[in-house]
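Remarks on the structure that follows.
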Amino acid sequence: MTFDAQVWGEYLGALLDSLWATIWLFLGSMAIGTVGGALLALMRTTPVWPVRAVSIAFTWVFRGLPPLVILFFTYFGLPALGVALTPMAAGILGLGLTAAAYTAEIFRSGLSAVDRGQWEAAQALAMTPTHYMWRVIAPQAFRVSIPPYFSNAITALKATSLASTITVAEITGTANRLISTTFQPLEILTIVAIIYLLLNTVLVLLQFLFERAFALKS
């Protein structure tokens with residue numbers, strides 16, 4: 001098998017067009033994952049045990065199930081319950097629920113890493129729970145959570161390729177379609193690999209910038 005560089009020029013445009021679907025899948029799932037994970041982590045800090053139980057059960061379920069099974073449930077299973085989603089919406093929801101479960105544990109670990117004296121000092125100053133959580137606890141917890149958070153983001157980026165199984169025309173799905181018609185897997189998959197590595201590099205750079213920003217504040 002020889003490497004045909006002309007394939008790059010012919011099919012790069014189609015793959016770049018599908019890049020937008022990958023980006024939307026990633027941004028949507030990480031938005032759900034970040035907000036949902038933060039709420040679940042806060043639920044774990046409450047003294048109300050039913051609230052803690054809901055958070056524990058959610059993370060147990062969605063960390064224990066393969067993301068592909070969750071995607072199949074959101075796309076094929078929810079219509080049986082009367083909730084029909086588009087492939088993109090089902091992909092974002094399924095991947096977002098998975099991301100939320102892992103992000104919850106990341107943020108919970110970050111909150112646990114904050115010295116209890118910080119909590120007690122904030123309470124001694126008569127700060128409201130919302131105030132001391134936002135101004136005192138959250139910045140310290142997030143600083144600790146930055147590396148695992150971005151590691152989870154990279155995992156979420158790669159997981160977007162699973163959405164091709166529910167007919168989302170993201171990069172991997174488009175690549176599979178092109179390979180089945182052109183029989184040029186090496187060239188097409190090389191383009192796909194480069195695109196994923198470039199996206200990964202952006203996340204690594206963002207992690208570096210966040211770490212530097214919080215280091216300067218400390």
Requested in this report: State, to 0.1 Å, how close Leu71 and Ala90 come at their nearest heavy-atom pair, and which atoms those are.
Outcome: CD2-O, 3.9 Å
Report summary line: d(Ile23 CD1, Leu199 CG) to nearest 0.5 Å is 6.0 Å
Report summary line: In terms of heavy-atom contacts, Val144 and Pro147 come closest through O-CD, 3.6 Å
Query raised in the report: Which atom pair, heavy atoms only, marks the closest approach of Ser18 to Ala169?
Result: CB-O, 3.4 Å
Query - Transitive ILVMFWY side-chain link Ile32 to Phe73, under 4.5 Å - result: no
Report summary line: When rounded to the nearest 0.5 Å, the distance separating CD1 of Ile146 from CG of Leu206 is 11.0 Å
Report summary line: d(Ile195 CD1, Leu16 CG) to nearest 0.5 Å is 5.0 Å
**Report entry** Nearest-0.5 Å distance that lies between atom CG in Leu27 and atom CH2 in Trp20
**Finding:** 9.5 Å
Query raised in the report: Are the aromatic rings of Phe150 and Phe210 close, with centres under 6.0 Å apart?
Result: yes
Requested in this report: Using the rule that two of Ile, Leu, Val, Met, Phe, Trp, Tyr join whenever any of their side-chain heavy atoms come within less than 4.5 Å, decide whether Leu19 and Leu157 are in one cluster.
Outcome: yes
**Report entry** Non-hydrogen atoms of Leu15 and Ile171 that approach each other most closely
**Finding:** CD2-O, 4.0 Å
Query - Least distance between heavy atoms, Ala99 atom then Ser29 atom - result: CB-O, 4.0 Å
Query raised in the report: So with a 6.0 Å cut-off around CZ of Phe208, is the heavy-atom count from everything else above 12?
Result: no
Query raised in the report: Taking the side chain from Thr155 and the backbone from Ser151, do they hold a donor-acceptor pair closer than 3.5 Å?
Result: yes
Requested in this report: Give the intermediate values and the outcome of side chain to side chain contact (heavy atoms under 4.5 Å, CB included) for residues Leu78 and Leu93.
Outcome: CA-CA 11 Å; Leu78 287 182; Leu93 177 60; 4.1 Å; yes
Query raised in the report: Are Thr165 and Tyr75 linked by a side-chain donor-acceptor pair shorter than 3.5 Å?
Result: no
**Report entry** Criterion side chain to side chain contact (heavy atoms under 4.5 Å, CB included) on Tyr196 and Val192, from CA distance to verdict
**Finding:** CA-CA 6 Å; Tyr196 276 117; Val192 171; 3.4 Å; yes
Query raised in the report: For the side chain of Arg44 and the backbone of Ile56, is there at least one donor-acceptor N/O pair under 3.5 Å apart?
Result: no
Query raised in the report: Short question: side chain of Ser55, backbone of Leu40 - any donor-acceptor pair under 3.5 Å?
Result: yes
Requested in this report: Please test Leu42 against Phe107 for side chain to side chain contact (heavy atoms under 4.5 Å, CB included), starting from the C-alpha separation and ending with a verdict.
Outcome: CA-CA 9 Å; Leu42 290 174; Phe107 287 163; over 6 Å; no
Query raised in the report: Is it the case that one hydrophobic cluster holds both Val61 and Met43, taking links as side-chain heavy atoms less than 4.5 Å apart, direct or via other members?
Result: yes
Report summary line: To the nearest 0.5 Å, atom CZ of Phe62 lies from atom CG of Leu97 at 4.5 Å
Query - Check: Thr174/Tyr11 side-chain N/O donor and acceptor closer than 3.5 Å - result: no
Requested in this report: Return each pair, listed once, that meets salt bridge (charged side-chain N to carboxylate O under 4.0 Å, His left out) where at least one residue sits in residues 58-84; pairs must be two or more places apart or across chains.
Outcome: Arg63-Glu105
Requested in this report: Give a yes or no on whether Leu68 and Phe76 share a hydrophobic cluster (residues Ile, Leu, Val, Met, Phe, Trp, Tyr; joining criterion: side-chain heavy atoms under 4.5 Å apart).
Outcome: yes
Query - Connected via hydrophobic side-chain network under 4.5 Å: Val35 and Trp24 - result: no
Requested in this report: Assess whether side chain to side chain contact (heavy atoms under 4.5 Å, CB included) is satisfied between Leu205 and Thr201, documenting all intermediate values.
Outcome: CA-CA 6 Å; Leu205 289 175; Thr201 301; 4.3 Å; yes
Query raised in the report: Between the side chain of Ser161 and the main-chain N/O of Lys158, is any donor-acceptor distance below 3.5 Å?
Result: yes
Report summary line: Taking every heavy atom of Ala104 against every heavy atom of Ala41, the minimum-distance pair comes out as O-CB, 3.7 Å
Query - Pairwise side-chain contact, Phe58 with Leu39, heavy-atom cut-off 4.5 Å (strictly under) - result: no
Report task. With rounding to the nearest 0.5 Å, note down the distance linking CG in Leu111 to CD1 in Ile106. Result -> 12.0 Å
Report task. Give a yes or no answer on whether the side chain of Thr181 reaches the backbone of Arg177 with a donor-acceptor pair at less than 3.5 Å. Result -> yes
